[in-house]
Amino acid sequence: MSETNDNDLVIKPIKRNPQKFDTIELFSLIGKEKKYNLNNIEDIDNFTTDINKSLKENITPTLLYGKRIEKTFAYVISSLGKCKIIKEEDSGEIFTNENIMIPDYRIILVDNSQFLVEVKNFNQKRPDIDYKISTKDFDKYIHYSKVMGVPLYFSIYWSKWRMWTLVSSSKFVKNGNKMSLSFTDATMNNKMSSLFGDYMIATTPPLKIRMYADKSEDRITIGSNINFTIEKVEVYCNSILIKDKEEQSIVWNLIMFGRWIETNEVIFEKDSNLVNYIDFIYLPDEYDDTQPFAHVGDASEIITQQYFYSTSTKDGNIKSIYPFGFSNNYGTNIKMPYTKKDLPLWIFYISPKDD
């Protein structure tokens with residue numbers, strides 16, 4: 001379910017038939033150089049051999065992570081509910097005498113404002129390492145933006161911090177033959193909230209999933225192994241039982257895709273080794289207990305982790321850069337404005353000073 005707000009839109013890809021149309025397009029593009037003929041069975045066989053070879057040679061972690069992040073971005077901003085159209089700008093053939101590079105996306109918001117976005121994945125090893133792009137490539141993106149008369153932004157996914165930033169190209173700094181952007185400057189000038197409606201989510205620790213054992217069934221403890229049948233499951237926030245179904249779904253999303261760390265505790269019946277229940281407890285790595293809340297994650301972070309989950313194998317490898325079939329289930333399930341029943345939430349919209 002997408003985020004719900006005053007400008008809520010159900011936004012999804014236009015249905016296409018890539019197997020029917022894109023295959024012919026790809027055959028024709030590859031065939032231009034190799035002079036493949038659509039009416040020649042041998043050329044069609046050679047084409048499939050070329051594709052097979054190309055996939056085996058070019059499926060590298062760097063390429064896969066980069067392409068998946070590019071696709072993830074579109075699903076993240078569509079789920080945040082502020083976009084009217086998200087179009088891949090760099091797809092299809094283009095004819096020009098200009099020295100340009102084409103950004104990944106053209107975005108049109110619900111207020112009809114539009115801009116271009118180039119998406120980058122950056123695995124920053126240390127906080128003091130800047131994101132860099134060659135001045136030559138940067139200038140080509142800028143030139144395309146000026147020709148189109150549309151402002152250019154760079155959306156960088158700082159993978160180590162699980163954070164998206166959206167920053168105007170004007171915030172980059174020239175450093176020799178590179179244009180650079182520090183993590184600090186990226187966060188200070190981040191427009192993910194002001195343009196797309198991204199927000200930080202906080203609640204009161206701990207979050208807890210309690211699984212009760214069915215006392216009518218066997219409850220066997222052998223060494224460190226505990227076998228029992230689950231009778232019921234309860235969801236808690238700071239010892240408060242969350243009974244509302246919508247609030248329960250919010251908690252599940254925060255637990256599964258937020259950044260808090262899991263521990264567990266087994267509670268036995270008094271004076272026995274029979275399991276009463278198991279608590280799965282989720283706490284922030286660091287927490288100032290003088291305040292009533294702690295940051296669980298950003299909406300964009302949770303949607304990103306959902307996308308990663310749906311495009312990954314059980315051992316974490318990428319199985320696809322697209323989810324299998326379009327899903328409207330990305331999001332936090334938080335309806336805005338949020339009205340609390342049992343679950344306390346703090347929602348923070350953080351915008352740059354110049355907004």
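It should be emphasised that the depicted structure is a prediction, and the values quoted were computed from it without experimental measurement. Sequential numbering from 1 along the given sequence is applied to the chain's residues.
Y349 and Y199 have tilted rings, their planes meeting at an angle from 30° to 60° on a 0 to 90° scale. Between F348 and F293, the ring planes lie tilted relative to each other; the angle falls in the 30° to 60° range. The aromatic rings of F196 and F115 are tilted relative to each other, their planes meeting at an angle between 30° and 60°.
Between R106 and M148 there is a side-chain heavy-atom pair separated by less than 4.5 Å. Using a 4.5 Å heavy-atom threshold, the side chains of K71 and T311 count as separate. The shortest distance between side-chain heavy atoms of V266 and V275 falls below 4.5 Å. The closest side-chain heavy-atom distance from C237 to P344 is below 4.5 Å. For the pair D185 and K171, the minimum side-chain heavy-atom distance is 4.5 Å or more. The shortest distance between side-chain heavy atoms of I242 and W252 does not fall below 4.5 Å. Residues Y157 and T72 form no side-chain contact, since every pair of their non-hydrogen atoms from C-beta on lies 4.5 Å or further apart. Using a 4.5 Å heavy-atom threshold, the side chains of Y338 and E247 count as touching.
Between F154 and F172, a ring centre-to-centre spacing shorter than 6.0 Å is recorded. Remark: aromatic rings of W164 and F73 are close, center separation under 6.0 Å. Aromatic rings from F27 and F47 are positioned such that their centres are separated by under 6.0 Å.
Defined by atom type and a distance below 3.5 Å, a donor-acceptor pair is missing between the side-chain atoms of Y105 and E89. Side chains of D111 and S113: a donor-acceptor N/O pair is present below 3.5 angstrom, by distance only. When only modelled atom types and interatomic distance are considered, T62 and T60 share no side-chain donor-acceptor pair under 3.5 Å. Using modelled atom types, one finds a donor on one side chain and an acceptor on the other under 3.5 Å when comparing S310 with Y330. In this model, no donor atom of one side chain and acceptor atom of the other lie less than 3.5 Å apart for D90 and Y144. Under the 3.5 Å distance criterion, with hydrogens and angles disregarded, no donor-acceptor pair is assigned to the side chains of N177 and K136.
Checking side-chain atoms of S193 against main-chain N and O of D198 turns up a donor-acceptor pair under 3.5 Å.
Minimum interatomic distance between S300 and V76 (heavy atoms only, all atoms of both residues): CB-CG1, 3.7 Å.
No salt bridge links D130 with K178; every basic N to acidic carboxylate O contact stays at or beyond 4.0 Å.
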